[in-house]
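Note sheet for the following structure.
Quick note: residue numbers are just sequence positions, from 1. Side chains included, hydrogens not; waters and symmetry mates left out as well; all remaining heavy atoms used.
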Amino acid sequence: MDILGARRSIEQKLLMQSVALMALVAVSGTIMGGIVTGSSAVLLDGVFSFVDVVIKIMMLMTAKLVARETSKRFQFGFWQFEPLVLAVEGFFILLIVIYALSSGITDLLSGGRHVDFGPAIYYAIFFTIADTAYYLYVRRINKSLQSNLIKFDNVSWYVDALLEAAILISFVVATMLEGTAYAEWAAYIDPIVLIVLAVQMLPSAIHIIVPSMKQILGWAPSSLHNEVQEIMDRFMEKYNFKDYVTSVQVYGSTRIIEIDILVRKNFPYQTIAEIDAIRNEIDQEIGGNPTEKWVTISFTGTRKWMAKDYLLDEEDDE
């Protein structure tokens with residue numbers, strides 16, 4: 001198995017592992033919140049985990065599609081599925097945030113919610129430790145794997161660890177209030193926690209939605225655009241190109257780069273071998289994993305065959 005195949009195999013194994021473990025969290029949270037303790041905060045954790053299981057399965061399917069590279073129907077590959085799945089995850093989290101906020105505010109205005117904090121505390125202790133440990137474990141592996149799917153998948157474990165930690169701290173405080181002069185305030189702990197958790201989850205949803213929507217809409221990343229422009233400026237000076245136009249896009253970890261080079265009529269490099277040598281030189285300068293980039297470099301003596309650049313001046317060919 002080559003290096004790319006090994007990386008994709010590890011990626012798929014991690015996603016399958018993540019699906020199984022998150023399913024355990026989902027079932028536990030739903031039973032504990034909906035049946036045992038009556039806590040809306042714990043139930044929110046269960047609902048969030050169930051939605052995340054579905055998203056993780058979609059991510060796993062996407063990873064397997066990307067590994068196929070191309071097909072008869074998708075001849076440019078399956079890269080666009082990666083940001084699409086991430087956008088779905090982000091919008092689902094956003095829906096959960098809206099539900100949690102409305103539910104928390106409703107419970108708060110109706111006098112709070114009475115919860116059996118004892119079992120909920122043990123639940124929160126176990127899953128706070130488990131979620132944090134798994135999040136750190138996956139983050140360490142992905143430092144060398146550099147998978148975009150794994151990176152955003154691991155966000156869900158970070159969010160869930162924060163949910164559990166917040167539930168634990170709040171329920172410990174509520175338990176301490178019981179049996180004191182402030183016992184009546186314990187009923188407000190659960191809806192307050194629900195609202196705080198919803199607000200806490202909002203940045204994570206935005207962190208997923210914004211970059212994935214940019215990729216879906218074809219938003220050219222300025223960092224990659226500037227990098228390619230700097231490279232081509234050097235080659236323009238070296239080979240005395242007349243002009244060039246670059247177009248860039250990113251889907252997940254895959255970079256799409258198109259470069260159209262306008263050469264003068266007396267351009268000294270005329271053979272295919274000489275042109276290919278320049279292409280190889282530019283490609284090497286761009287660098288990166290060959291399996292995670294799609295580079296097209298074309299040469300023309302006529303401006304109309306160049307891509308339309310937003311800064312391109314309409315001028316006559318020499």
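Contact of the L224 side chain with the I257 side chain is registered, since non-hydrogen atoms from C-beta on lie closer than 4.5 Å. Here the side chains of T300 and V263 are not in contact, with every heavy-atom distance at 4.5 Å or above. The closest side-chain heavy-atom distance from I275 to F267 is below 4.5 Å. At least one side-chain heavy atom of L60 sits less than 4.5 Å from a side-chain heavy atom of Q12. Inter-residue side-chain proximity for V250 and K214 is flagged as unmet; no heavy-atom pair is nearer than 4.5 Å. The shortest side-chain heavy-atom distance between I256 and E258 does not fall under the 4.5 Å cut-off. Using a 4.5 Å cut-off on side-chain heavy atoms (C-beta onward), W219 and P211 make no contact. Side-chain contact between L177 and E184 is absent, with no heavy atoms from C-beta onward closer than 4.5 Å.
At least one donor-acceptor pair closer than 3.5 Å links the side chain of E274 to the backbone N or O of Q270. Between the side chain of N142 and the backbone N or O of V138, no donor-acceptor pair lies under 3.5 Å.
Ring geometry for Y123 versus F127: interplanar angle of 30 to 60°, hence tilted. Ring pair Y158/Y135 is tilted by interplanar angle, where 30° to 60° counts as tilted. Relative ring orientation between F241 and F299 is described as perpendicular, the plane-to-plane angle rising above 60° on a 0-90° scale split at 30° and 60°.
Distance check, rounded to the nearest 0.5 Å: CD1 of I297 to CD1 of I286 gives 5.5 Å. Note that CD1 of I150 is 4.5 Å distant from CG of L14, once rounded to the nearest 0.5 Å.
Paired with Q229 under the rule side-chain contact (heavy atoms from CB on, under 4.5 Å), one option of H225, E227, M232 passes, and it is H225.
Of all heavy-atom pairs between M22 and S156, the closest is CE-OG, 4.0 Å. The two residues R303 and L262 have their closest heavy-atom pair at NH2-CD2, 3.5 Å. Annotation for A165 and T128: closest pair N-OG1, 3.3 Å, computed over non-hydrogen atoms. Between L94 and L202, the shortest heavy-atom distance links the atoms CD1-CD1, 3.6 Å. Scanning both residues, I259 and T246, for their nearest heavy atoms gives CG1-CG2, 4.1 Å. V97 approaches A198 most closely through the heavy-atom pair CG1-O, 3.4 Å.
Taking a 6.0 Å sphere around CG of L109, one finds it holds more than 12 heavy atoms contributed by other residues, nucleotides or ligands.
If you check the side chains of Y244 and D233, you find a donor sitting under 3.5 Å from an acceptor.
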